[in-house]
Amino acid sequence: FKKAAAQKTPVVFIGAIDPESTCLASVGTDEDNLGRIGSEAVKAYFAKKGNPPLRAVVMQSTMDASFAIKARDGYLKYMASYPDFKMVVNEFCNSDMLIAMQKYESVFKAYPEINLVLGVCGEAGPAAAKVVKEQKLQNRITVIAIDDVAEPMDLIRDGTIYGTKA
């Protein structure tokens, strides 16, 4: 983008913004807004259940991915107004479904109080849903995913994932 800017060529970022850029515009997800909308849905869902304590695992691609950090922080910011919310553990899966599943298996065993999954990478929701199904935890753990690709949408239809945000 620096070369384009030096030549006075307009730059539009798709998906992510470089904070050093002088881009004309960007097209993509506003991570804070993703966290706000997702949190509103979570809070409304659990309000119907009497606002039970929520203990969450957040799964993201990597711990240094800008999108994942901002989306996680958006969720945490807006979930702070929930009567009893705590992020128990924050994990990463390197955008690998198998790693995500292995981490969920370990996390659900190590932290039986977890009752909410906040996935902020595409693999997080489907991986959690598979582990939740395998361990028959559908009545205990609510899964929130991102991306409206086929797999999360199918898992929403069968009730394993509560919602997704794209």
Side-chain angles (χ1 to χ4, degrees), residues 13-19 26-43 45-46 52-80 82 84-166:
F13 280 95
I14 307 293
I17 300 171
D18 185 313
S26 66
V27 177
T29 302
D30 177 309
E31 300 91 339
D32 185 73
N33 196 41
L34 182 146
R36 181 185 60 77
I37 292 171
S39 293
E40 287 173 359
V42 168
K43 290 186 280 189
Y45 175 76
F46 283 103
L54 294 181
R55 301 297 177 256
V57 54
V58 177
M59 182 72 72
Q60 57 192 73
S61 53
T62 63
M63 292 302 201
D64 61 354
S66 174
F67 176 90
I69 292 166
K70 290 176 184 174
R72 176 203 62 209
D73 291 351
Y75 267 106
L76 297 178
K77 177 170 96 177
Y78 295 105
M79 287 303 299
Y82 186 83
D84 190 1
F85 170 82
K86 180 180 179 189
M87 180 179 70
V88 175
V89 63
N90 187 191
E91 285 287 353
F92 68 96
C93 66
N94 293 322
S95 296
D96 183 297
M97 181 75 79
L98 182 58
I99 291 172
M101 289 178 67
Q102 291 168 341
K103 290 206 175 180
Y104 283 127
E105 288 167 356
S106 297
V107 164
F108 295 161
K109 184 176 181 179
Y111 303 97
E113 69 272 24
I114 287 178
N115 58 0
L116 177 63
V117 171
L118 297 174
V120 294
C121 65
E123 300 75 22
K130 287 178 182 185
V131 174
V132 164
K133 274 185 173 179
E134 286 172 6
Q135 295 184 2
K136 299 184 180 1
L137 299 171
Q138 295 97 319
N139 293 326
R140 196 185 101 211
I141 297 176
T142 300
V143 179
I144 304 297
I146 63 169
D147 294 340
D148 63 350
V149 293
E151 193 168 20
M153 299 307 290
D154 290 341
L155 292 163
I156 288 171
R157 281 188 272 285
D158 83 6
T160 310
I161 292 179
Y162 172 67
T164 189
K165 175 74 176 91

Correct closest heavy-atom pair for P126 and G122 would be CD-O, 3.3 Å

If the threshold is 4.0 Å, N to carboxylate O, is there a salt bridge linking E134 and K130? no

Once rounded to the nearest 0.5 Å, what's the spacing between atom CD1 of I69 and atom CE of M63? 9.0 Å

Taking all non-hydrogen atoms of both residues into account, name the closest pair between A129 and V143 and its distance. N-CG2, 4.4 Å

Sole candidate of K70, R72, K77 that passes salt bridge (Lys or Arg N to Asp or Glu O under 4.0 Å) when paired with D32: K77

Taking atom CG of N139 as the centre, report whether more than 12 heavy atoms of other residues, nucleotides or ligands fall under 6.0 Å from it. no

Nearest 0.5 Å, please: how far is CD in Q60 from CD in E91? 9.5 Å

Run the side chain to side chain contact (heavy atoms under 4.5 Å, CB included) test on M59 and V107 for me, step by step, so that the C-alpha distance in whole Å, both residues' side-chain angles and the decisive distance to 0.1 Å come before the verdict. CA-CA 11 Å; M59 182 72 72; V107 164; over 6 Å; no

For L118 and A56, the nearest pair of non-hydrogen atoms, with its separation, is CD1-CB, 4.4 Å

Roughly how far, to the nearest 0.5 Å, is the CZ atom of F67 from the OG atom of S61? 8.5 Å

For Y45 and T142: C-alpha separation, side-chain torsions, deciding distance, then whether side chain to side chain contact (heavy atoms under 4.5 Å, CB included) applies. CA-CA 10 Å; Y45 175 76; T142 300; 3.8 Å; yes

For the atom pair CD1 (I141) and NZ (K136), what is the distance rounded to the nearest 0.5 Å? 14.0 Å

Between atom CZ of F85 and atom CZ of R55, what is the distance when rounded to the nearest 0.5 Å? 9.0 Å

Which atom pair, heavy atoms only, marks the closest approach of D96 to I99? OD1-N, 2.9 Å

Minimum side-chain heavy-atom gap L54-M79 below 4.5 Å: yes

For a quick test of reading the model, state the closest non-hydrogen atom pair linking I146 to G119 and the distance between them. CG2-O, 3.3 Å

Nearest heavy-atom approach of S39 to G74 is OG-O, 4.4 Å

Once rounded to the nearest 0.5 Å, what's the spacing between atom CD of E123 and atom OG of S95? 4.5 Å

Validation row: Y82, V42 side chains within 4.5 angstrom (heavy atoms): no

Side-chain donor/acceptor of R140 to backbone N/O of I114, under 3.5 Å: yes

Check step by step if side chain to side chain contact (heavy atoms under 4.5 Å, CB included) holds for V117 and F108. CA-CA 10 Å; V117 171; F108 295 161; 3.9 Å; yes

